[in-house]
Amino acid sequence: MIRIENLHKRFGALEVLKGVDLHVKPGEVVCIIGPSGSGKSTVLRCINRLEEPTSGKIVVDGHDVMDPATNINAIRSETGMVFQQFNLFPHMSVLDNVTLGPIKVRGVKRAEAETLGRELLAKVGLADKAPKFPDQLSGGQKQRVAIARSLALKPKAILFDEPTSALDPELVGEVLEVMKRLAREGMTMVVVTHEMGFAKEVADRVIFIDQGRIQEEGPPREFFSNPKHPRLRDFLGKVFSHE
Amino acid sequence: MAFQFEPSVVIDTIPLLMRGLKLTILITVGGLFFGFLLGALAGLMKISRSFIARKTAGIYIECIRGTPMLVQAMFLYFGVPMAIGMRIHPLVAGIIVIAVNSGAYIAEIVRGAIQSINVGQTEAGRSIGLTRFQTMRYVIWPQAFKRMIPPLGNQFIISLKDTSLLMVIGVGELLRTGQEIVAVNFRAFEVYLAVAIVYLAMTLSIAKGLRILEHRLHMRTQR
Ligand SMILES: Nc1ncnc2c1ncn2[C@@H]1O[C@H](COP(=O)(O)OP(=O)(O)OP(=O)(O)O)[C@@H](O)[C@H]1O
Ligand SMILES: [Mg+2]
């Protein structure tokens with residue numbers, strides 16, 4: 001579904017990604033962990049080219065993302081993205097947030113888009129919030145709307161960039177619940193997260209990025225119980241001592 | 001011949017100023033209408049990806065903001081006809097001057113408002129597959145426009161007052177109407193006081209209207 005080969009990204013003199021290879025199979029849930037500044041977000045953002053890769057190859061659903069002939073808007077609509085800061089559109093109702101994509105990108109009729117929008121809001125447990133505005137919602141509710149917004153495009157994969165990091169602890173659960181359900185339904189997901197519990201329970205594969213490279217990867221059980229790379233051991237030690 | 005203030009002259013002058021006031025309003029509204037279109041265009045060019053567009057807009061903004069409006073008006077009304085061999089109607093010239101002049105300031109208002117919107121909004125728009133144009137049109141512009149309202153209102157007041165400079169090119173606006181009355185009755189104190197009162201009444205009402213508008217917008221949706 002997503003194939004990244006030898007991805008390099010530099011910001012000026014700073015080389016953030018130094019050759020990342022990652023294949024994500026359809027229906028697979030991949031969690032990416034790693035210290036702050038290691039380049040996790042950059043990998044995600046290169047996949048839908050919110051960030052311009054310096055070199056390397058990225059193929060999404062058979063389309064070369066970096067080929068100038070590829071319609072990048074089409075690829076973006078096939079790969080949803082959920083942000084740490086939600087980035088809901090504050091001037092639109094919750095329902096309009098969800099229907100904007102289908103209407104403008106897919107050309108769906110408004111009535112039809114609204115039916116779909118209400119279904120998706122019900123799916124994330126927010127059926128009654130359709131007419132509300134984002135600033136009338138809690139953080140957890142905002143993030144669930146953001147998930148519904150990306151689902152509205154019927155994407156083939158969804159990229160999550162620390163979806164629960166901006167939430168109060170008591171609101172994290174409701175968002176993870178929605179994500180777990182998506183995973184069970186077979187959605188392809190790449191999730192940058194600090195929620196080790198979620199990674200253990202839901203991921204098919206966990207990836208540790210540090211210093212611009214994938215240092216270790218594997219199925220969660222092995223990954224967490226028997227970390228090989230010393231930096232991963234160090235990182236996990238720090239994370240778990242905080243929990 | 002001691003000076004004697006005649007309040008009744010002030011009162012009597014105000015109705016006589018209405019013809020000039022109409023022109024002042026016409027030029028302000030017309031000028032700002034085109035000024036906004038020009039300003040929006042130049043503001044968007046200023047942040048476009050094209051170097052040429054950015055530079056063109058930059059030069060326009062610098063030239064206008066760096067010269068007095070009085071000079072711009074005289075250049076357009078007396079200078080340009082020499083070059084094009086055709087006279088320009090004072091009213092048309094007045095509207096053009098206000099439009100071109102306010103456009104340069106509005107461009108900066110537009111640019112600033114757009115750049116003040118969090119880049120996360122653009123990224124969210126692009127991430128659902130909207131084009132650059134659609135993201136601007138449906139996501140960024142509506143939010144930025146709300147932030148433009150207070151500075152645009154301010155520009156409205158500035159341009160309204162600036163129309164008085166157009167008397168030098170013979171536009172019969174408010175101040176010139178007052179001057180014509182003085183030429184007949186020699187009551188400069190009362191007449192110019194009346195002129196000032198009319199300007200003040202207008203700027204205060206605009207400011208008041210803006211506060212109400214801002215409040216309404218704020219009530220409807222926050223942020
Ligand atoms: N637009 C940019 N310009 C310059 N440097 C950038 C830019 N975006 C990211 N960086 C730098 O690239 C490095 C990797 O950033 P990235 O956001 O991918 O890290 P991360 O692993 O997601 O970290 P975090 O856990 O803090 O989100 C950081 O050092 C960051 O400062
Ligand atoms: Mg990050």
Side-chain angles (χ1 to χ4, degrees), chain A residues 41 44-45 47-51 71-94 96-107 131-137 142-143 145-155 157-161 166, chain B residues 36 40 43-44 47-51 53-54 109-153 210-223:
Chain A
S41 300
L44 281 198
R45 294 159 58 81
I47 294 174
N48 64 358
R49 237 174 74 188
L50 284 182
E51 218 67 79
N71 179 356
I72 188 64
N73 299 316
I75 291 194
R76 288 195 179 122
S77 68
E78 299 293 343
T79 54
M81 186 148 197
V82 174
F83 303 85
Q84 181 174 350
Q85 297 300 339
F86 329 124
N87 295 341
L88 291 182
F89 307 134
H91 58 301
M92 293 182 190
S93 72
V94 162
D96 289 342
N97 264 273
V98 178
T99 57
L100 183 68
I103 292 171
K104 300 302 174 195
V105 177
R106 296 269 189 264
K132 293 273 192 283
F133 279 82
D135 60 297
Q136 297 169 299
L137 305 183
K142 281 183 198 165
Q143 196 59 300
V145 172
I147 293 173
R149 177 175 69 182
S150 52
L151 286 174
L153 279 300
K154 300 191 169 48
I158 303 186
L159 314 171
F160 294 84
D161 192 357
Chain B
F36 182 73
L44 288 168
I47 51 173
S48 91
R49 285 184 299 180
S50 150
F51 175 80
R54 283 201 307 275
I109 293 172
V110 168
R111 184 189 59 75
I114 288 175
Q115 286 182 333
S116 77
I117 304 296
N118 190 315
V119 332
Q121 290 291 308
T122 306
E123 297 188 342
R126 301 308 304 272
S127 81
I128 59 173
L130 297 176
T131 62
R132 277 173 68 89
F133 177 79
Q134 287 175 321
T135 305
M136 181 54 75
R137 166 83 179 69
Y138 301 111
V139 177
I140 306 301
W141 184 267
Q143 297 182 58
F145 186 73
K146 229 188 303 179
R147 295 191 188 178
M148 290 175 209
I149 290 173
L152 280 178
L210 270 160
R211 273 199 300 279
I212 294 170
L213 183 64
E214 260 177 75
H215 186 69
R216 287 242 179 100
L217 282 167
H218 195 71
M219 299 286 277
R220 221 179 315 146
T221 55
Q222 248 93 62
R223 182 155 141 187

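Throughout, a chain's letter reflects where its sequence line sits, starting with A, and its residues are numbered from 1.
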Set of residues satisfying side chain to side chain donor-acceptor pair (under 3.5 Å) with respect to Gln84(A), sequence neighbours excluded: none
Output side-chain donor-acceptor pairs under 3.5 Å for residues 74-81 of chain A, partner residues at least two apart or in another chain, one line each.
residue  : atom : partner   : partner atom : Å
Arg76(A) : NE   : Asn48(A)  : O            : 2.9
Arg76(A) : NH2  : Arg49(A)  : O            : 3.0
Ser77(A) : OG   : Ala74(A)  : O            : 2.8
Ser77(A) : OG   : Arg106(A) : NH1          : 3.1
Glu78(A) : OE1  : Lys156(A) : NZ           : 3.3
Thr79(A) : OG1  : Ile75(A)  : O            : 3.1

Interchain contact, Phe83(A) with chain B, by part (heavy-atom threshold 4.5 Å): side chain
Point-to-point distance, once rounded to the nearest 0.5 Å, from CG of Leu44(A) to OG of Ser127(B): 11.5 Å
Side chain proximity check, Gln121(B) to Pro90(A), heavy atoms < 4.5 angstrom: yes
Interface residues of residues 130-139 of chain B facing chain A - heavy atom cut-off under 4.5 Å: Leu130(B), Thr131(B), Gln134(B), Tyr138(B), Val139(B)
For Ile103(A), all residues meeting side chain to side chain contact (heavy atoms under 4.5 Å, CB included), sequence neighbours excluded: Thr99(A), Arg110(A), Ala113(A)
Rounded distance (nearest 0.5 Å) linking atom CG of Asn73(A) with atom CD1 of Ile128(B): 11.0 Å
